[in-house]
Colleague: 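Before I ask anything, let me first share the structure, which is written out below as structure tokens.
In what follows, every heavy atom counts, from backbone to side chain, and hydrogens, waters and symmetry copies are set aside.
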Amino acid sequence: MTDRLPHEKGFHVSWDQLHRDARALAWRLQGDAPEQGGWRAVVAITRGGMAPAMIVARELDIRTVDTISVKSYNHQSQSEPVVIKSPDMDLVGDGSGVLIVDDLVDTGRTLEVVRRHMPKAHVATVYAKPKGRPMVDTFITEVSQDTWIFFPWDMALQYVEPYRGSD
């Protein structure tokens with residue numbers, strides 16, 4: 001069969017799974033904390049990094065949380081990534097002791113821009129695709145480049161017709 005159902009190359013992540021994976025990320029990051037003072041702050045890449053960043057910050061008892069927003073799509077077409085909201089640069093500086101958290105690294109283009117702003121930060125994502133993996137210091141699960149991840153904030157529960165009808 002050459003025609004694929006929309007979900008066949010999809011990786012569906014529930015809220016429970018995201019929570020478990022973000023906690024696993026926090027446990028892994030605990031061992032990577034800088035010896036002098038631990039993690040100073042978490043910077044979430046909006047929007048997808050906000051939920052995992054909150055969970056990581058809670059698990060590691062990091063009270064300082066900020067965001068960075070990078071826009072790389074104009075409607076459906078990808079364009080040059082641009083930072084549209086920066087974190088408090090007086091706080092994060094060059095990124096020393098700062099944890100950058102995102103839900104997923106795909107091609108790594110967003111992280112290239114973020115790393116230019118905070119070159120010494122530690123970048124962590126819950127999920128990683130092969131093209132973007134070199135841009136990440138720590139991640140939990142790798143998926144193939146052609147897999148589409150459906151995050152819980154992108155989905156709604158609804159009835160779906162069976163693939164084969166019942167006669």
Side-chain angles (χ1 to χ4, degrees), residues 4-33 39 41-62 65-85 87 92 95 97-158 160:
R4 292 214 146 156
L5 295 173
H7 62 277
E8 285 187 25
K9 272 307 252 184
F11 180 61
H12 292 77
V13 179
S14 68
W15 283 110
D16 285 345
Q17 186 64 50
L18 180 73
H19 190 241
R20 280 191 296 274
D21 290 345
R23 288 186 76 203
L25 182 62
W27 296 332
R28 193 167 285 170
L29 290 166
Q30 184 174 263
D32 293 333
W39 299 115
V42 170
V43 174
I45 298 178
T46 64
R47 293 171 299 220
M50 294 176 78
M54 179 269 306
I55 294 164
V56 167
R58 179 193 181 273
E59 292 299 321
L60 299 178
D61 194 29
I62 303 167
V65 180
D66 204 340
T67 60
I68 186 168
S69 181
V70 179
K71 183 178 180 182
S72 59
Y73 285 91
N74 190 4
H75 301 289
Q76 294 291 343
S77 61
Q78 195 165 17
S79 60
E80 193 61 34
V82 176
V83 174
I84 57 175
K85 190 268 176 196
V92 299
V98 173
L99 197 49
I100 296 170
V101 178
D102 205 355
D103 55 351
L104 164 73
V105 61
D106 190 328
T107 63
R109 292 183 74 215
T110 296
L111 289 179
E112 284 177 19
V113 172
V114 171
R115 280 192 176 277
R116 277 191 293 243
H117 279 72
M118 296 168 277
K120 293 188 177 179
H122 187 99
V123 176
T125 62
V126 182
Y127 306 104
K129 292 185 178 183
K131 282 185 184 176
R133 189 173 166 200
M135 296 300 297
V136 179
D137 299 307
T138 306
F139 69 95
I140 294 300
T141 302
E142 184 170 358
V143 298
S144 65
Q145 197 67 42
D146 62 346
T147 296
W148 185 265
I149 298 180
F150 292 93
F151 288 101
W153 47 86
D154 294 326
M155 297 183 291
L157 295 176
Q158 62 184 7
V160 177

Colleague: Indicate yes or no: at least one non-hydrogen side-chain atom of Val114 is less than 4.5 angstrom from one of Ile100.
Modeller: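 Sidechains of Ile100 and Val114: in contact.
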Colleague: Evaluate Val136 against Arg133 for side-chain contact (heavy atoms from CB on, under 4.5 Å), listing each step before the verdict.
Modeller: CA-CA 5 Å; Val136 179; Arg133 189 173 166 200; 5.6 Å; no
Colleague: Are the side chains of Leu99 and Val56 in contact, using a 4.5 Å heavy-atom criterion?
Modeller: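 Result yes, sub-4.5 Å side-chain heavy-atom pair found.
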Colleague: For the residue pair His122 and Val98, establish whether any side-chain heavy-atom pair is separated by less than 4.5 Å.
Modeller: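 Sidechains of Val98 and His122: no contact.
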Colleague: So how far is it from Leu60 CG to Ile55 CD1, rounded to the nearest 0.5 Å?
Modeller: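 Atom-to-atom, Leu60:CG and Ile55:CD1 are 11.5 Å apart.
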Colleague: Taking the basic N atoms (NZ, or NE/NH1/NH2) and the acidic carboxylate oxygens, is any pair closer than 4.0 Å for Arg115 and Asp137?
Modeller: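 Yes, this pair counts.
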Colleague: Rounded at 0.5 Å granularity, tell me how far OH in Tyr127 sits from CZ in Phe151.
Modeller: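 Rounded to the nearest 0.5 Å, the OH-CZ separation comes out at 6.5 Å.
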Colleague: Minimum heavy-atom separation for Glu59 and Trp27, please, with both atom names.
Modeller: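 What the structure gives for the nearest pair is OE1-NE1, 4.2 Å.
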Colleague: For the residue pair Asp146 / Ser144, report whether a side-chain donor-acceptor contact shorter than 3.5 Å exists.
Modeller: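 A donor-acceptor contact under 3.5 Å links the two side chains.
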Colleague: Could you tell me how the ring of Trp148 sits relative to the ring of Phe150: parallel (under 30°), tilted (30 to 60°) or perpendicular (over 60°)?
Modeller: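 Perpendicular.
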Colleague: For residues Leu104 and Ala128, report the shortest heavy-atom separation together with the two atoms involved.
Modeller: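 Smallest interatomic distance, heavy atoms only, reads CD1-N, 4.3 Å.
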Colleague: Could you tell me whether the side chain of Val113 reaches within less than 4.5 Å of the side chain of Arg116, counting heavy atoms only?
Modeller: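 Yes. Closest side-chain heavy atoms under 4.5 Å.
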Colleague: Rounded to the nearest 0.5 Å, how far apart are CG of Leu25 and OG1 of Thr138?
Modeller: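 Atom-to-atom, Leu25:CG and Thr138:OG1 are 7.0 Å apart.
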Colleague: Do you know the tightest heavy-atom contact between Gln145 and Lys131?
Modeller: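 That would be OE1-N, 2.8 Å.
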Colleague: Evaluate Met135 against Arg109 for side-chain contact (heavy atoms from CB on, under 4.5 Å), listing each step before the verdict.
Modeller: CA-CA 9 Å; Met135 296 300 297; Arg109 292 183 74 215; over 6 Å; no
Colleague: Quick check: are there more than 12 heavy atoms from other residues, nucleotides or ligands sitting under 6.0 Å from CZ of Arg58?
Modeller: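 Atom CZ in Arg58 is not crowded, with 12 or fewer foreign heavy atoms closer than 6.0 Å.
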Colleague: I need the minimum non-hydrogen distance between Val70 and Pro81, along with the two atoms involved.
Modeller: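 Reported closest heavy-atom pair: CG1-CB, 3.7 Å.
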Colleague: Tell me the closest heavy-atom pair linking Thr147 and Gly10, and the distance in Å.
Modeller: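 Smallest interatomic distance, heavy atoms only, reads CG2-C, 4.3 Å.
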Colleague: Looking at CD1 of Ile140 and OG1 of Thr125, how far apart are the two atoms once the value is rounded to the nearest 0.5 Å?
Modeller: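 That separation rounds to 9.0 Å.
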Colleague: Would you give the length of the straight line joining atom CD1 of Ile149 to atom CG of Asp106, rounded to the nearest 0.5 angstrom?
Modeller: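 That separation rounds to 8.0 Å.
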Colleague: Can you name the closest pair of heavy atoms from Trp153 and Gly48 and give their distance?
Modeller: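 Residues Trp153 and Gly48, closest heavy atoms: CH2-O, 3.7 Å.
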Colleague: Begin with the C-alpha distance, continue with both residues' side-chain angles, and end with the deciding distance and a verdict on side-chain contact (heavy atoms from CB on, under 4.5 Å) for Ile45 and Val101.
Modeller: CA-CA 6 Å; Ile45 298 178; Val101 178; over 6 Å; no
Colleague: To the nearest 0.5 Å, what is the distance between CG on Asp102 and CE on Met50?
Modeller: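 Between atom CG of Asp102 and atom CE of Met50 there are 11.5 Å.
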Colleague: Using 4.0 Å as the upper bound for N to carboxylate O, is an ion pair formed by Glu142 and Lys129?
Modeller: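 No.
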Colleague: State whether Asp66 and Lys85 are salt-bridged, where the test is any N-O pair (Lys NZ or Arg NE/NH1/NH2 against Asp/Glu carboxylate O) under 4.0 Å.
Modeller: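 Salt bridge present between Asp66 and Lys85.
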Colleague: Checking Val83 against His117 for the side-chain contact (heavy atoms from CB on, under 4.5 Å) test, could you report, in this order, the C-alpha distance in whole Å, the side-chain angles of both residues, the deciding distance, and whether it holds?
Modeller: CA-CA 9 Å; Val83 174; His117 279 72; 3.5 Å; yes
